[in-house]
Amino acid sequence: MSRHAIALIDLDAFRHNYLLAKSLSPDARAVAVVKANGYGHGAAVLASALPEADCFGVACLEEALQLRQAGIRQPILLLEGFFEPEELPVIVAQELDIVIHSADQLACFLDYPGAASPRVWLKIDTGMHRIGLEPKSFRQACDQLRVSGRAGEIVAMTHFAAADDPDNEFTETQLQLFDRSLQGAGIATSLANSAALVSGPRYQGNWVRPGIMLYGANPFIGPHEIASRIRPVMTLSSRIIAVRQVAAGEGVGYSWTWRAPAAARVATVAMGYGDGYPRHVENGTPVLVNGEIAPIVGRVSMDMITVDITGLPTAGVGDPVIFWGAGLPAWEIARRAETIAYELFTGITGRVRRSCIGWS
Ligand SMILES: *Cc1c(COP(=O)(O)O)cnc(C)c1O
């Protein structure tokens, strides 16, 4: 065995979280969002472990094709639709669902000369202001699409800007604008990311789109009871490769950003920002050494991290160290790095071995 940096992926936890999302939105179908290689966890293996998924959501055709090549037969939704008209023949052949989010994209789709009848998710910009049709023009676009006979089914869709903050009234404003934009179109709806899904049936519509909660991270900006019901999917771990005694006043790591206040025992672990562990965590960010909490001291470097194990006299070379996972939530580490769990997960680099447990 060489370097021990491993992301252990718990497929049973992923299924548990999907089934929990379903149970929280029993009247809706659910798109399991596995874009960006399943938020860094490995999209194909996750999708293969979820035969009950109603649909998968990805960011682009390449991600969808990876799933098809892995034998995934369920519907797959391209969350931004096609970027070039040349993608349309492949989209049709692979029976993919598409988002249409602009007048230009709609015109391009209607001009496509070949036969096509994908399910089209017609996106309305209710305030996020990234992509989506103007609320006022939605009904006309919807009718145009319907009359063309080019869509197998039409779903009205929008995306919330601040559902992760239950106190933010903007989610309600967006919901009302969405309802008004439909003007009685009488079609299926899709609004909710993980946070909105957990927030209740009001925001769920006919199709929910959970992402981050499937990976076991709290979708809210603050503490929430859902955090105790979802299970972490990724455990990022490595091992201690060296231990040394440091005298009071001596510095550790680049620029000696930490100096031992008293004689200390410091462990060096084979993990670093080259693996995707955030360099900007503050001194004192916890890790689990043999299951016990110990603080990171000094700068995170590319391949190594130093941990104060003075309080763990039996810890030594070869012992396992967990950076996030069960018992150490990724969103807690994200907070220490002033980021979000999404970024930690998707930042795990190629040299970290991914290994799966569960679902055989
Ligand atoms: C990524 C994404 C989601 C999932 O959001 P989470 O916050 O991870 O639950 C849902 N809908 C769209 C359009 C997305 O791009």
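Under the 3.5 Å distance criterion, the side-chain polar atoms of Thr306 are left unmatched by any main-chain donor or acceptor of Thr268. No donor-acceptor pair under 3.5 Å is formed between the side chain of Arg239 and the backbone N or O of Pro320. Arg202 places no side-chain N or O within donor-acceptor distance of the main-chain N or O of Ala196, the cut-off being under 3.5 Å. Judged by distance alone, the side chain of Gln105 and the main-chain N or O of Glu80 form a donor-acceptor pair under 3.5 Å. Using modelled atom types, no side-chain atom of Thr285 and backbone atom of Val281 make a donor-acceptor pair closer than 3.5 Å. Between the Asp143 side chain and the Arg146 main chain, no donor and acceptor come within less than 3.5 Å of each other. Between the side chain of Arg259 and the main chain of Gly249, a donor-acceptor pair closer than 3.5 Å is present. Remark: side-chain polar atoms of Gln74 are paired, donor with acceptor, to backbone N or O of Pro51 under 3.5 angstrom. A donor-acceptor pair under 3.5 Å links the side-chain atoms of Thr173 to the main chain of Glu169, judged by distance alone. Side-chain atoms of Glu63 come within 3.5 Å of backbone atoms of Ala59 as a donor-acceptor pair (strictly under, hydrogens ignored).
Surrounding CD of Gln183 are more than 12 heavy atoms belonging to other residues, nucleotides or ligands, all under 6.0 Å away. Shown here is Glu95, whose CD atom has no more than 12 heavy atoms of other residues, nucleotides or ligands within 6.0 Å. Glu343 CD: 12 or fewer foreign heavy atoms inside a 6.0 Å radius. In Gln140, the CD atom is not crowded: 12 or fewer heavy atoms of neighbouring residues, nucleotides or ligands sit closer than 6.0 Å.
Sorted by first and then second residue, the ring-ring contact (aromatic ring centres under 6.0 Å, His included) pairs involving residues 215-244 (not counting sequence neighbours) are Phe14-Tyr215, Tyr39-Tyr215, His41-Tyr215, Phe220-His224. Note on residues 292-302: pairs passing side chain to side chain donor-acceptor pair (under 3.5 Å), not counting sequence neighbours, are Ser255-Arg299.
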Between Val307 and Val269, does a side chain to side chain contact (heavy atoms under 4.5 Å, CB included) hold up when you go through it step by step? CA-CA 8 Å; Val307 177; Val269 191; 4.0 Å; yes

For Leu191 and Thr189, run side chain to side chain contact (heavy atoms under 4.5 Å, CB included): C-alpha distance rounded to whole Å, both residues' side-chain angles, the deciding distance at 0.1 Å, then the answer. CA-CA 7 Å; Leu191 305 88; Thr189 57; 4.2 Å; yes

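The cluster map of Ile, Leu, Val, Met, Phe, Trp and Tyr, joined by side-chain heavy atoms under 4.5 Å apart, puts Tyr277 and Ile340 in the same cluster.
Side-chain atoms of Val155 and Val120, non-hydrogen and from C-beta on, never get closer than 4.5 Å to each other. Side-chain contact between Val58 and Leu78 is present, with heavy atoms from C-beta onward closer than 4.5 Å.
Here Cys108 contributes atom SG and Leu88 contributes atom CG; the two are 6.0 Å apart, rounded to the nearest 0.5 Å. Rounding to the nearest 0.5 angstrom, the gap separating the CG atom in Leu61 from the CZ atom in Arg68 is 11.0 Å. Interatomic distance, Met128 CE to Phe170 CZ, rounded to the nearest 0.5 Å: 10.0 Å. The CG atom of Asp275 sits 7.5 Å away from the OG atom of Ser238 when rounded to the nearest 0.5 Å. In this structure, Ile230 CD1 and Asn218 CG are separated by 6.0 Å, a value rounded to the nearest 0.5 Å. Going from atom CD1 of Ile72 over to atom SG of Cys55 covers 12.0 Å, rounded to the nearest 0.5 Å.
Taking the six-membered ring where the residue is Trp, Phe160 and Tyr203 present perpendicular rings, their angle passing 60° and hence far from 30°.
For the residue pair Ser102 and Asp104, no side-chain donor N or O sits within less than 3.5 Å of a side-chain acceptor on the partner. The closest side-chain donor-acceptor pair between His159 and Arg209 falls under 3.5 angstrom. Judged purely by distance below 3.5 Å, without hydrogens or angles, the side chains of Thr126 and Thr158 pair a donor atom with an acceptor atom.
Checked for salt-bridge contact, Asp12 and Arg231 miss the test: no charged N lies under 4.0 Å from a carboxylate O. By the 4.0 Å N-to-carboxylate-O rule, Asp54 lies too far from Arg29 to be salt-bridged with it.
A centroid separation of less than 6.0 Å is found between the aromatic rings of Trp207 and Trp121.
Contacts of Glu52 classified as salt bridge (Lys or Arg N to Asp or Glu O under 4.0 Å), with partners at least two apart in sequence or in another chain: Arg15.
The heavy-atom pair separating Ala315 from Arg265 by the smallest distance is O-NH2, 2.7 Å.
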